[in-house]
Each structure stands twice: as C-alpha cells, then as structure tokens.
Amino acid sequence: TQLLEQSPQFLSIQEGENLTVYCNSSSVFSSLQWYRQEPGEGPVLLVTVVTGGEVKKLKRLTFQFGDARKDSSLHITAAQPGDTGLYLCAGDDDYKLSFGAGTTVTVRA
Amino acid sequence: GAGVSQSPSNKVTEKGKDVELRCDPISGHTALYWYRQRLGQGLEFLIYFQGNSAPDKSGLPSDRFSAERTGESVSTLTIQRTQQEDSAVYLCASSLGKYYDQETQYFGPGTRLLVL
C-alpha cells in the first residue's frame, strides 16, 4: 500500500483568509483525488488530477498536481464557513484508493 | 437515482458479539468497495468486489472479517467476535466498474460501529 501524507493535520482560520493543504507521497500515482467529508457523511469527490503539472480550479478552490505526480496541493481563496470539513487526498492504486489521514479545516465566521 | 445507502447508521455492540453491516450500491454499479475509517484517520481499504466476486480481499484485517455480495447488488460485511479495536466508521463505495481505474467512487454515509 502506498502511503500519502497530508499536512497540516488541523487548520483553523478566519473567514476571508486563504489556506493551503498539502498531500505528499514517495510513490507515483496515475491520478490523485481530493475529497471533502463532513461529519456523519461519506467523502464527496471534489476533483481528480491526472497529468503532472496539472492545475484545476473549482470556484474558490485550486488544485495542483506535482510534475512528478507524487504530490498535490489544495488552495482555498477567501475561505467561508461552508468550507469547513475534513479534506482527504487519495491516490489511485489500481482499482482501490489509498487515502491520506486528512486535514481538518475549520473556518470561523 | 439514489446514492449509496448503508445500514444501520449506528451500531453499538458488546465485545465478542457478531455484527453485520449492509451496503446498497448505486444501481448499475458493478464495482463495490469497503473501507474502514478510525477516529482521526484516513480511510483504509478492506475489500473490493467486481460483480459478486472479490478479487481483492487484501485489506481485511483478520479472519474475523468477511464480506459477500449478492449479484451486482447488496453487500454485507460481517465482523465475528468483535473487539474494541474494531470500533470505527465502515464506509462502502460503488463505481461503474467498467474502466478499471480513474473511476469515481461514490461513498455511502457509513456505519458507525462502537464495540464496548
């Protein structure tokens, strides 16, 4: 099983601030996915990045996949309380997913 | 068009008892996955079904854990002689199962298991 490390583990910011979450691995993945999980719910897919160097934007969220396809970042601009949740990265390990431990993001109003 | 459903949503049991957790995948999804999420941790892969066969059971932590799937429908994860370390959220996901990789997995809300 390939290991994904996420940092930071916890992040608490004020509404309107920016934040970045990192996901790093020593192994190459064919694709990497970012999920958000809210309490009592399963993870919901935000984005899949496939190509090294790829950048994808989803409204105020920007996702980057490293050139070597071993690392990724999620940047949120002007965070809102609705962005609060557990952010998980997952590497595509054939048919199954290998998950990082997650970053708990809290956005204070 | 319902999503993945799981039951029960919460289960409290005593150490040593057996439990069954159920997953109803999205209709038409041939691939089904079970994951476990311990408190404060990411998801651990348990088992993968393609149709009713399980080509990968490598994530099952011990022989107390087993799973089966009826056709391309419901799956049941059974934990025998539960231990306190089995306490976790058990999540089920399904996907189309046609493209082997880079398929979107849709997750259910999970079953929260507490073993006293």
Side-chain angles (χ1 to χ4, degrees), chain A residues 1-11 21-25 28-52 54 56 58 65 69 72 74 85-106, chain B residues 2-6 8-10 21 23-26 29-51 53-61 88-112:
Chain A
T1 301
Q2 303 178 77
L3 191 63
L4 282 162
E5 294 187 357
Q6 287 189 244
S7 61
Q9 186 177 358
F10 299 97
L11 197 53
V21 175
Y22 299 93
C23 176
N24 295 290
S25 170
V28 175
F29 288 100
S30 59
S31 70
L32 196 139
Q33 301 176 10
W34 283 94
Y35 291 81
R36 181 168 67 211
Q37 185 178 21
E38 299 189 20
E41 302 293 330
V44 175
L45 180 67
L46 295 174
V47 78
T48 300
V49 285
V50 178
T51 306
E54 183 175 5
K56 280 192 174 178
L58 185 66
F65 200 15
R69 307 212 317 271
S72 181
L74 158 59
L86 176 66
Y87 288 83
L88 295 158
C89 66
D92 196 337
D93 191 0
D94 286 335
Y95 43 79
K96 60 183 183 274
L97 297 172
S98 294
F99 282 85
T103 295
T104 299
V105 171
T106 303
Chain B
V4 178
S5 61
Q6 292 187 245
S9 54
N10 294 281
L21 312 179
C23 171
D24 283 87
I26 292 171
H29 281 192
T30 63
L32 186 147
Y33 316 79
W34 283 98
Y35 293 87
R36 177 171 71 177
Q37 186 174 29
R38 289 192 164 124
L39 190 62
Q41 297 186 21
L43 282 69
E44 307 169 65
F45 168 79
L46 297 178
I47 187 169
Y48 157 65
F49 285 93
Q50 179 63 277
S53 66
D56 188 348
K57 307 178 183 180
S58 63
L60 294 177
V89 177
Y90 290 82
L91 290 152
C92 174
S94 70
S95 69
L96 278 172
K98 297 187 184 304
Y99 302 108
Y100 194 60
D101 62 357
Q102 296 182 23
E103 279 197 344
T104 298
Q105 294 185 22
Y106 296 87
F107 285 84
T111 293
R112 279 142 200 83

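Proteins come first, then strands; the chains are lettered A, B, ... in the order of their sequence lines, and each starts at number 1. Computation of the quantities below employed the complete heavy-atom set of this structure, encompassing side-chain atoms and omitting hydrogens, waters and symmetry-equivalent molecules. Quick caveat: nothing in here was measured; it's all calculated off a predicted structure.
Of the two parts of A:Q6, neither the backbone nor the side chain holds a non-hydrogen atom closer than 4.5 Å to a non-hydrogen atom of chain B. If you measure heavy-atom distances from B:L43 to chain A, the contacts under 4.5 Å come from both the backbone and the side chain. With a 4.5 angstrom heavy-atom cutoff, A:L86 touches chain B only via side-chain atoms.
Taking the ring pair (Phe, Tyr, Trp, His ring centres under 6.0 Å) definition, one finds that A:Y35 meets it with A:F99, B:F107, sequence neighbours left out. By the salt bridge (Lys or Arg N to Asp or Glu O under 4.0 Å) test, B:R112 pairs with no residue at all, sequence neighbours left out.
For the 3.5 Å distance criterion, the side chains of B:Q37 and B:Y35 fail to qualify, holding no donor opposite an acceptor.
A:K96 forms a cation-pi arrangement with B:F45, by the criterion of a distance under 6.0 Å to the ring centre and an angle within 45° of the ring axis.
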